[in-house]
2 protein chains.
Amino acid sequence: MTVMDTTDRKITGLLAEDARRSLADIGERVGLSPSAVNDRMRRLVAEGAIKRFTVDADPTALGLSVTAFLLVALDYETGEEAFTAFADGHPAVAECHHVTGEWSYLVKIRVRDLAGVEAFLSELKARRFLARSQTMIALSTPTERAFTSAEN
Amino acid sequence: MTVMDTTDRKITGLLAEDARRSLADIGERVGLSPSAVNDRMRRLVAEGAIKRFTVDADPTALGLSVTAFLLVALDYETGEEAFTAFADGHPAVAECHHVTGEWSYLVKIRVRDLAGVEAFLSELKARRFLARSQTMIALSTPTERAFTSAEN
DNA sequence: AGTGAAACAATAGAACT
DNA sequence: AGTTCTATTGTTTCACT
């Protein structure tokens, strides 16, 4: 992957804020013509630096009122691949990270209600993935952004 | 907030997959004219069901190679508001959730390198937010999606 | 709420530096 | 890599149902 220059980063940042900005608008802010911005955007998408154009939807409006995090230690019998394939294919799974420390995986799920959390745990148990697990329900989430700036 | 009907949910889902679809394209898929889709989209944005149009950027391409999760128990002296305000204002913080269980907050950060994790922890310590904490570094993340379907 | 048409704005491509 | 010009495509508004 080619490294992004400052202009690429500005463009990506502007799009992260508002992906409906016109090429002319972005061009003005970064000092390029609309066509040049278009070329760069295509390149960023082709290279995978921009994975996709999407909307930030309020999960609650979609009927997904509960966010929960599961710390899981996999059963020794379980192949990691079987678990990650299951997680990736499951509609409730928003994120699945292989992490350092006491636990193997941190899984973030979004479900309708607490019964949805229970159902998800039951699925994991039924498939014998779990050696042990710990569940944290999000009571509130003061911050949740798709984009993190690179100022650090 | 008005409840979303099936068409609204379809539109939101289509936009989450690809926010650059034309009104005509979306209209065909949901059985409406471009104008009607436009009306609904405006309403969804106005109501906050669609929070914004954005891009899903690869953090690595932006120079943020490390994702880490911090479980934090706040110091008794710390006001929760002071902590959430700090987290929300910090550029490294991608998510901050108030959670049930042994820990008060789960914080997801994205930083350049491991030194960035250490720097963030130092900041928390310097501000005397921490009673105790636990850090998990993401070794790999098999799944990370902005959008979770409502099929559960 | 939705349609269809016309006016307007944005994007994509070509020719060129 | 970038610019400008233009054809094509997409969006917005409005009168009407």
Side-chain angles (χ1 to χ4, degrees), chain A residues 1-64 145-147 149-151, chain B residues 1-64 145-147 149-151:
Chain A
M1 190 216 298
T2 316
V3 158
M4 280 168 86
D5 67 12
T6 309
T7 305
D8 286 339
R9 238 169 256 162
K10 277 189 197 163
I11 292 172
T12 308
L14 288 165
L15 289 170
E17 273 173 24
D18 178 5
R20 288 201 295 186
R21 270 191 238 268
S22 69
L23 299 174
D25 177 0
I26 296 168
E28 270 178 41
R29 293 168 199 259
V30 302
L32 284 175
S33 69
S35 300
V37 175
N38 200 12
D39 287 351
R40 277 175 182 262
M41 274 172 54
R42 288 174 169 291
R43 209 197 61 233
L44 290 167
V45 171
E47 282 172 355
I50 292 176
K51 285 189 274 183
R52 61 177 176 171
F53 287 73
T54 186
V55 290
D56 204 349
D58 179 0
T60 309
L62 290 162
L64 300 169
R145 26 175 180 256
F147 186 71
S149 77
E151 314 165 23
Chain B
M1 188 214 301
T2 316
V3 158
M4 281 168 83
D5 66 12
T6 309
T7 305
D8 286 340
R9 238 169 256 162
K10 276 188 197 162
I11 292 172
T12 308
L14 289 166
L15 288 171
E17 274 173 22
D18 178 5
R20 288 200 294 185
R21 273 193 237 267
S22 69
L23 300 173
D25 177 0
I26 297 168
E28 271 177 40
R29 292 169 200 259
V30 302
L32 284 175
S33 68
S35 302
V37 175
N38 199 15
D39 287 351
R40 278 176 181 262
M41 274 172 55
R42 286 174 170 292
R43 211 198 58 233
L44 290 166
V45 171
E47 283 171 355
I50 291 175
K51 286 188 273 183
R52 59 178 178 171
F53 287 73
T54 186
V55 290
D56 205 349
D58 179 359
T60 308
L62 289 161
L64 299 169
R145 32 175 176 255
F147 184 71
S149 76
E151 315 164 24

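In what follows, every chain begins at residue 1, and chains take the letters A, B, ... in the order their sequences are listed.
Rounded to an integer number of Å, the gap from D25(A) CG to dA10(C) P is 9 Å. Distance CZ (R42(A)) to P (dA1(D)): 16 Å, rounded to an integer number of Å. Whole-Å rounding puts the L32(A) CG to dT17(C) P distance at 20 Å. The CD1-C1' distance, from I11(A) to dG2(D), rounds to 12 Å in whole Å. Put simply, CZ on R43(B) is 13 Å from C1' on dG2(C), counting in whole angstrom units. The CD1-P distance, from I26(A) to dG2(D), rounds to 14 Å in whole Å. Atom CE in M41(A) sits roughly 7 Å away from atom P in dT11(C) (whole-Å rounding).
Each of R21(B) and A36(A) was assigned the nucleotide of DNA chain D with the nearest heavy atom; the assignment lying further toward the 5' end belongs to A36(A). Both R40(A) and D39(B) lie close to DNA chain D; mapped to their nearest nucleotides by heavy-atom distance, the more 5′-ward contact belongs to R40(A).
Here the side chain of R20(A) pairs no donor or acceptor atom with the backbone of F53(B) at under 3.5 angstrom.
By the 4.5 Å heavy-atom criterion applied to side chains, L15(A) and L44(A) are not counted as neighbours.
The shortest non-hydrogen separation linking A49(B) to A61(A) is CB-CB, 3.7 Å. Smallest separation of non-hydrogen atoms from R9(A) and L62(B): CG-CD2, 3.7 Å.
Nearest nucleotide to the side chain of S22(A), out of dA10(C), dG13(C), dA1(D): dA10(C). Of the candidates dT13(D), dG2(C), dT3(D), the closest approach to any side-chain atom of S35(B) belongs to dT13(D). Here the side chain of N38(A) is nearest to one of dT3(D), dT12(D), dA12(C), namely dA12(C).
Remark: R20(A) is not in phosphate contact with dT12(D), judged by side-chain N or O atoms under 4.0 Å from OP1 or OP2.
Comment: D56(A) engages R52(B) in a salt bridge, judged by a side-chain N to carboxylate O separation of less than 4.0 angstrom.
At a threshold of 4.0 angstrom between heavy atoms, the contacts of L23(B) include nucleobase atoms, whether or not backbone atoms are also involved.
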